[in-house]
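Treat the numbers as computed from the prediction; the structure is a model and nothing was measured. Per chain, numbering begins at 1; letters A, B, ... match sequence-line order.
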Number of protein chains: 2
Amino acid sequence: MGDLIMQPSNLKVSPKYSESKEMYLKALVELDVFVSPTVSRLANRLGVTQVSANEMVRRLTDQGLMIHTPYKGVNLTKKGRQLGNNVLRRQRLWECFLYDYLKVEWSRLYELTCNLEHNTPPEVTESLAIYLNNPAQCPHGQPIPTVDGECKSLKGIPLNQLGIGESASILSVTESPLEVVEHFSQQGLLPGKHITLVNTTPLQGPLTLQVGQAHIALGLQMAEQILVKRD
Amino acid sequence: MGDLIMQPSNLKVSPKYSESKEMYLKALVELDVFVSPTVSRLANRLGVTQVSANEMVRRLTDQGLMIHTPYKGVNLTKKGRQLGNNVLRRQRLWECFLYDYLKVEWSRLYELTCNLEHNTPPEVTESLAIYLNNPAQCPHGQPIPTVDGECKSLKGIPLNQLGIGESASILSVTESPLEVVEHFSQQGLLPGKHITLVNTTPLQGPLTLQVGQAHIALGLQMAEQILVKRD
DNA sequence: CCGGATAATAAGGTCAACCATAACAATTTT
DNA sequence: AAAATTGTTATGGTTGACCTTATTATCCGG
Ligand SMILES: [Mn+2]
Ligand SMILES: [Mn+2]
Ligand SMILES: [Mn+2]
Ligand SMILES: [Mn+2]
């Protein structure tokens, strides 16, 4: 007997939005909090050369997903933002599952879900959301976008903007490179935790925080990655 | 402040075993039940041209994962079989999760997990296995290979080898194209179900089965995909 | 308003994984 | 044994997503 053919192709069938393209869209969503990032910032974030990023930005622009204004920055179109938010939704749902159910290490969640996010069909995403009880945040405290690609941003302030003596609780930490996130984890700087700003130092110097009983020093750049809400 | 760089690259970093290569390995494991498949059979299964399959087989041969004896067939090496079984393990574990927890439609499990299988890091795979309580079979009744790439095959006989009047229970159905699997599902031909062979017809004609109260006709080629164990 | 830093573009690669067409080799059928 | 079928290889594409090196454009601080 002849074999059954697994048609159409089991192999990658050049999807409309490749993993690479999705990563550009996601990166843009992640970076575009205050000002639109330049191509170089994007390139930097994604670990590719500016030239490569430029090419890709052009392709994505041609697809109507972003707009590049030279020397000003790259902006997502409505559609581009939706797609980027969809990627983020998938990633953050998986982060919830890995953390809450599979007991995966908190600091590795981002890297471990960064491929799943491009390979999760809508049916699975939505079933997963139901299974998880439609969580509002991922384990980093970041909001999970809705099915239709909307994402309300957190209203909190960066930790470094606290005044000395002020107490606050951590809303979220920005998804950051492994070493940084591992450091957060070791210092107990997780969403929901309470902290007090004990001290600051001039010239980009570290802050001193109280976390639980301990006093810890935290670099300014790291403090900027932590969003808090004053008590 | 400068951005935090998500280095090294978030983008696909040309893995040792690409998704394509993994699919070739998996296909070979799936096809190599009785005789080693030829390159054409492989090509057919994967929905690529023979030429493409040939190229890829050469590359995989160079990597020491398979051996091609022209006109005879392609064989996996020890290492190749292990890798193929690893892919199968990941897919079948995901199938369990999707079916038992996410309540995904039985007939779509294969397609929905066919990308996840290439994007699941070992930590996640093993945590998932624990979460699922180390299942022995996937929802198709197929055995789940062990962590170290071993897979004991089912001892059952193809449904069409039953004698008339014999009863049996379904051990497994071969992962097959959507239409086929959908048909199995509609007819209630799922692992664990009881059937009786009522009748056969000559010349590759259909069999008649009793499933529950109903009598159904089943094409010979489809019957070959179902493994049963006599009562 | 000029010069250095930063950003963008141009030009010409590489590499994996596909494709088509065509020739050639082995096996099976008649 | 010749013909038909099936399997393999050779040759020469394409495409997406990267790369390096070099040039050009813009911005911004002194
Ligand atoms: Mn990713
Ligand atoms: Mn997160
Ligand atoms: Mn697959
Ligand atoms: Mn299965």
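Aromatic pair B:Tyr24/B:Tyr17: ring centres not closer than 6.0 Å. Close placement of the B:Tyr131 and B:Tyr101 rings is indicated, their centers lying within 6.0 Å of each other.
Nearer the 5' end of DNA chain D, as judged by each residue's closest nucleotide, is the contact made by B:Val39, out of B:Val39 and A:Ala53. Residue whose closest nucleotide on DNA chain C sits further toward the 5' end, between A:Asn54 and B:Thr49: A:Asn54.
Per the geometry, NE2 belonging to A:His118 stands 12 Å off P belonging to D:dA17, to the nearest Å. Per the geometry, CE belonging to B:Met56 stands 8 Å off C1' belonging to C:dA16, to the nearest Å. For the pair A:Leu42 CG and C:dT6 P, the interatomic distance rounds to 18 Å; values are reported in whole Å. Following rounding to the nearest Å, B:Lys21 (NZ) and C:dA17 (C1') show an atom-to-atom distance of 10 Å. When rounded to the nearest whole Å, the span between CD of A:Glu19 and P of C:dA17 equals 13 Å. In this entry the distance linking CG of B:Asn44 with P of D:dT8 reads 13 Å, nearest Å. Whole-Å rounding puts the A:Glu55 CD to C:dG13 P distance at 15 Å. In this structure, B:Gln50 atom CD and C:dT21 atom C1' are separated by 13 Å, rounded to whole Å.
Only B:Arg59, listed by number, bring a heavy atom of residues 57-69 of chain B to less than 4.0 angstrom from any atom of DNA chain C.
In terms of modelled atom types and a separation under 3.5 Å, the side chain of B:Thr77 and the main chain of B:Leu65 share a donor-acceptor contact.
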Under the side-chain contact (heavy atoms from CB on, under 4.5 Å) criterion, do A:Asn115 and A:Glu19 qualify, and how do the steps go?
CA-CA 8 Å; A:Asn115 290 314; A:Glu19 305 199 8; 4.2 Å; yes
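Listed pair B:Ser40 / D:dG7 meets the phosphate criterion, a side-chain N or O lying under 4.0 Å from OP1 or OP2. Checking the phosphate oxygens (OP1, OP2) of C:dC18, a side-chain nitrogen or oxygen of B:Ser20 falls inside 4.0 Å. For D:dC18, the OP1/OP2 oxygens have a side-chain nitrogen or oxygen of A:Tyr24 closer than 4.0 Å. Considering only side-chain N and O atoms, A:Ser52 lies nowhere under 4.0 angstrom from the phosphate OP1 or OP2 of D:dA17.
Taking CG from B:Asn44 and CG from B:Leu31, the interatomic distance works out to 9.0 Å, rounded to the nearest 0.5 Å.
Nearest heavy atom pair, residue A:Glu224 against residue A:Pro158, reads O-CB, 4.3 Å.
For the side chain to side chain contact (heavy atoms under 4.5 Å, CB included) criterion with A:Thr174, the lone passing option out of A:Glu30, A:Met222, A:Gln225 is A:Gln225. Applying side chain to side chain contact (heavy atoms under 4.5 Å, CB included) to A:Leu207 and the options A:Thr201, A:Asn199, A:Leu159 leaves one that passes, A:Leu159. With A:Arg89 as the partner, the salt bridge (Lys or Arg N to Asp or Glu O under 4.0 Å) test is satisfied by one option alone out of A:Glu117, A:Glu95, A:Glu126, A:Glu22: A:Glu126.
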Under 3.5 Å, which N/O atoms of the protein pair with N/O atoms of nucleotides 22-29 of chain D?
{"unit_1": "D:dA25", "atom_1": "N3", "unit_2": "A:Tyr71", "atom_2": "OH", "d": "2.9"}

